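Keep in mind that this is a model prediction, so the values were computed, not measured.
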Amino acid sequence: MLETLRKKIKNAEIDAYLISYGNRFLGQDVLEKEHKLAKVCGFTGSAGAFAITKDKAFLVVDGRYELQAQKQVDLKNIRIINDSPRLKTLCDILSQENIRKIGYDSWNYSVAEMEFIRRKYRDFEFIDIGDLVGLQNNNKIEIFQRSERFSGMNTEQKIALITEQLKEKKADYQLICSADSVSWLLNIYSCDLPCSPVVRAYALIDKAGKVTLFGENLQTDLTTKNWKDFAEILGAMSGKIILYDPHNTPEKFKNLLSPEALAGKCEDICQDLKAQKNSTELQGMINCHIRDGVALSKLLYWLEDNYKGKTELDVVQKLHELRAKQELFFSESFETIAGFGEHGAIVHYQPTKESNTPLVEGNLLLLDSGGQYLDGTTDVTRTIALGKPTKEMKRDFTHVLKAHIALAKAKFPIDTTGYKLDTLARAPLWEHGMDYKHGTGHGVACFGNVHEGPLSISLYGSMYGIKENMITSIEPGIYKENQYGIRIENLVYTRKVDEDSNFLRFISLTKAPIDKNLIDDYLLDEGEREWLNGYHRDVYDSLAAYLTEKEENWLKSACSPI
C-alpha cells in the first residue's frame with residue numbers, strides 16, 4: 001500500500017500526504033473496513049496519525065499504543081513516534097524533513113485545527129486532494145428513537161435550546177457535525193457501529209426548528225439528504241448565516257460553503273449539555289451499573305475456579321454472555337480487553353484468534369470491559385491474580401490502588417480542570433518512580449460514546465472545568481513490558497459536598513470487587529482502608545440480592561473488610 005500511495009503522491013505533485021485515524025465524523029469510532037491506518041500500515045489502534053513522503057513514512061501513536069504499534073507495523077519502512085497523535089506532531093516531523101508541499105483530506109481535520117496549523121506552519125503549502133486511501137462503507141443505517149424514559153428530555157425540548165441560540169445570534173442555521181451531539185439532540189441511535197450506538201450524521205437546524213440529517217443510507221422517517229446534497233445545499237446558500245463549532249466541524253464545510261453565506265463560529269452546546277447528566281440520565285447510569293456489576297461479579301466468581309484450561313477469548317465470551325442476560329443490554333461499549341500476563345502490559349490489547357493466550361497459574365489478568373444499556377454506559381477495569389501473586393505484583397497493585405483512592409477521595413472546587421486533578425492520581429506512583437502513559441479519566445455518555453468529551457482528566461491540556469452530575473473514569477495503572485499490566489478503573493459522578501458548597505466530590509458508580517489477594521495491607525493507611533472497606537460494603541449491598549447463594553457467599557468474602 002505504501003508504494004501505491006507514493007505513486008499517487010507523485011501524480012498529485014506533492015511532497016507528503018497526511019492520513020488520520022478518523023473520517024468526516026471527527027473523534028468518533030470507525031468500522032474495521034474504514035480503518036485507513038490499518039489498511040496503510042497495519043496499525044489497528046483507535047488513535048494515530050500517519051504521514052508518508054516520497055521515501056519515508058511516520059506513524060505517531062500515544063503511550064497506550066506504543067507496544068501494539070511495534071508489533072503490528074513494518075519497522076523497516078515505517079518510523080514509530082511515541083507522542084500525541086495530532087496534526088501538529090506530524091507537521092513538526094515533516095518540517096524537520098524539509099517537506100513543504102503537503103496533501104490532505106479536508107473532511108478529516110477540523111476548522112480550528114487547520115486554522116492553527118496554517119498559522120503555525122506558514123512555510124507549508126497545504127493542498128486538499130481528498131481521500132487517497134479509498135475505503136468505503138455502504139451499510140444501511142437503521143435509526144431508532146430512544147425513549148424519553150431514558151433520555152429525560154424529549155427532542156422538541158432539546159431543539160428549542162438550539163433555536164433559542166439561533167435567535168440570540170441572529171443566525172439562520174446551526175450545523176452540528178459531531179455524531180454524538182446529533183444522537184443526543186434528536187434522541188436517535190443506531191447499530192451502525194459495533195460498540196457505540198450513535199448515528200453518524202450531520203444535522204442542519206433552521207431557526208424554525210426544522211432538522212435535516214446528512215449522511216449515506218440513513219433509514220429513518222426524518223428528513224435526510226446525502227453528501228452530494230450537502231455540498232449542493234452549502235454551495236447554493238446566499239445571504240444566510242450558519243453557526244458551527246470549529247472544533248468538531250471539518251474544514252471541508254468552509255470549502256463547500258457559498259461565498260455569499262456567512263459562517264459564524266459558535267460552541268456546540270450539546271457537548272456541555274450531554275456532559276452534565278440530567279436526573280433521569282444519572283439514575284439510569286446508577287441502575288445500569290448495578291446490573292453490570294452483577295454480570296462482572298458472576299464472571300469473577302466463575303473465573304476463580306474455572307480459569308485453568310481457559311483462554312483470554314473464553315473470558316471475553318463468558319462476560320458477553322453474562323452481560324447479555326441483563327435487562328436493557330444493547331451491546332458492549334468497546335471491545336473487551338482481556339490481557340493475560342505480558343499482554344496486560346499492552347494498554348489497549350484485545351485478544352484475537354492469533355494472539356489468544358491460555359490462562360495459567362502465576363500471573364495477572366487485566367480485564368477492561370463495558371456495556372451499553374438503554375439507560376446508560378459502563379466501563380470498568382479489574383486486575384485479577386490467577387493463583388498466588390508475587391510480592392512485586394502485590395506491591396505494584398497496591399500502589400495503583402493508592403493512586404486510584406487518592407483521586408476517588410478528592411474534594412475540589414466546581415470548574416476545577418481535569419489537568420489539575422490528574423496529578424492527584426499520579427503523585428502516589430511518582431513517589432516510587434512509576435507512571436502510566438495514558439490519561440487518568442475520560443467522560444462517559446449515558447448510552448453513547450464510552451469516551452465522551454469534553455471532560456478529560458489528563459496531563460495533556462485537559463482544561464475543561466468539571467461541574468456537578470458529570471461522569472468520568474478513574475483509571476491509573478502500571479505496565480511492565482513482557483511481564484504484566486495493572487489497572488483499576490471505576491466510573492464516578494460528581495456531586496456537591498453539601499447543598500450550599502462550591503466543592504465537588506466523586507461518588508462511585510461501578511459495582512465490582514477489587515481483588516484483595518493483590519493488596520499489601522501494610523502499604524495502605526487508615527484512610528485508604530476506610531475508603532476500600534466502604535466501597536466494598538456498597539458493592540455487596542448493591543449486588544447481593546441478585547446473585548445465587550454460592551455467588552453471594554463468594555461476594556461476601558471478596559468484599560469483607562481488610
Side-chain angles (χ1 to χ4, degrees), residues 1-61 65 69 72-74 77-79 85-87 90-91 94 99 101-110 113-114 117 125-141 177 179 190 192-194 196 199-202 214-218 225-232 234-235 249-256:
M1 184 65 189
L2 296 183
E3 291 311 310
T4 300
L5 279 176
R6 287 192 171 107
K7 289 179 181 177
K8 293 180 179 180
I9 288 172
K10 183 178 179 180
N11 292 338
E13 298 182 341
I14 56 177
D15 301 318
Y17 182 69
L18 307 173
I19 301 173
S20 71
Y21 161 77
N23 50 28
R24 67 188 68 197
F25 300 101
L26 307 178
Q28 307 293 318
D29 289 342
V30 300
L31 293 170
E32 183 177 343
K33 63 183 178 180
E34 302 168 348
H35 201 311
K36 292 173 289 185
L37 298 181
K39 175 72 172 179
V40 170
C41 68
F43 172 66
T44 61
S46 61
F50 190 85
I52 180 171
T53 72
K54 296 174 181 178
D55 56 1
K56 294 181 181 180
F58 306 90
L59 173 66
V60 182
V61 297
Y65 292 110
Q72 292 181 327
V73 169
D74 179 3
N77 293 303
I78 299 171
R79 179 185 164 196
R86 298 180 300 175
L87 180 55
L90 285 180
C91 289
L94 294 178
I99 297 294
K101 200 171 184 180
I102 302 170
Y104 74 110
D105 183 352
S106 65
W107 281 112
N108 299 163
Y109 300 96
S110 73
E113 187 172 27
M114 289 307 302
I117 290 296
E125 181 182 0
F126 291 96
I127 304 171
D128 182 7
I129 60 174
D131 178 17
L132 296 187
V133 182
L135 300 183
Q136 299 294 326
N137 173 31
N138 296 315
N139 292 353
K140 290 184 177 180
I141 302 173
C177 296
S190 78
D192 179 33
L193 296 167
S196 178
V199 176
R200 294 191 295 173
Y202 294 174
F214 293 94
E216 295 294 340
N217 300 315
L218 302 176
K225 302 286 186 180
N226 59 33
W227 297 119
K228 182 180 178 182
D229 296 328
F230 181 72
E232 291 176 351
L234 291 183
T249 302
E251 189 193 39
K252 188 71 173 181
F253 157 71
K254 295 192 74 174
N255 296 344
L256 292 172

Flag side-chain contact, heavy atom, 4.5 Å: Pro194 against Leu31: yes
If the threshold is 4.0 Å, N to carboxylate O, is there a salt bridge linking Arg200 and Glu34? yes
Exactly one of Leu37, Thr44, Leu59 clears side-chain contact (heavy atoms from CB on, under 4.5 Å) with Gln72, and that residue is Thr44
From Lys7 NZ over to Asn11 CG, what is the distance, rounded to the nearest 0.5 angstrom? 9.5 Å
Between Tyr65 and Ser46, is the side chain to side chain donor-acceptor pair (under 3.5 Å) condition met? List the steps. CA-CA 9 Å; Tyr65 292 110; Ser46 61; 2.5 Å; yes
Check the surroundings of atom NZ in Lys225: do more than 12 heavy atoms from other residues, nucleotides or ligands lie under 6.0 Å from it? no
We want to know whether Asn108 and Lys36 form a side-chain donor-acceptor pair, criterion being a heavy-atom distance below 3.5 angstrom. yes
Within a strict 4.5 Å, meaning less than it, do heavy atoms of the Tyr17 and Arg6 side chains meet? no
Please check if the side chain of Asn226 supplies one atom and the backbone of Gly215 the other of a donor-acceptor pair under 3.5 Å. no
Taking atom NZ of Lys33 as the centre, does the number of heavy atoms from other residues, nucleotides or ligands within less than 6.0 Å exceed 12? yes
Here's a test for you: under ring pair (Phe, Tyr, Trp, His ring centres under 6.0 Å), which of Phe253, Phe230, Phe214 qualifies with Tyr202? Phe230
Contact check, side chains of Met1 and Lys39, non-hydrogen atoms, under 4.5 Å: yes
Do Phe58 and Phe50 have ring centres separated by under 6.0 Å? no
Is there a side-chain contact (heavy atoms from CB on, under 4.5 Å) between Asn23 and Leu135? Walk through the geometry before answering. CA-CA 10 Å; Asn23 50 28; Leu135 300 183; over 6 Å; no
Heavy-atom side-chain contact between Ile19 and Leu5 under 4.5 Å: yes
Main-chain N/O of Glu13 paired with Lys101 side-chain donor or acceptor, under 3.5 Å: yes
Taking side chain as C-beta onward, heavy atoms only, is Ile99 less than 4.5 Å from Thr53? yes
Give me the one residue out of Ile52, Ile129, Leu132 that meets side-chain contact (heavy atoms from CB on, under 4.5 Å) with Lys8. Leu132
Nearest-0.5 Å distance, CG of residue Leu87 to CE of residue Met114: 6.0 Å
Determine whether Lys252 and Tyr109 make a side-chain contact, defined as any pair of heavy atoms from C-beta on separated by less than 4.5 Å. no
Glu251 and Ser110 side chains, donor-acceptor separation under 3.5 Å: no
Would the distance check show the side chain of Asn77 and the main-chain N or O of Asp74 forming a donor-acceptor pair, the cut-off being under 3.5 Å? no
Flag side-chain contact, heavy atom, 4.5 Å: Ile127 against Ile102: no
Return the minimal non-hydrogen interatomic distance between Phe43 and His35, and the atom names on each side. O-CE1, 3.3 Å
Do Val60 and Arg86 have side-chain heavy atoms sitting under 4.5 Å apart? no
Side-chain donor/acceptor of Asp128 to backbone N/O of Ser106, under 3.5 Å: yes
Could you check whether any side-chain N or O of Asn139 sits under 3.5 Å from a backbone N or O of Ile141, counting only pairs where one atom can act as donor and the other as acceptor? no
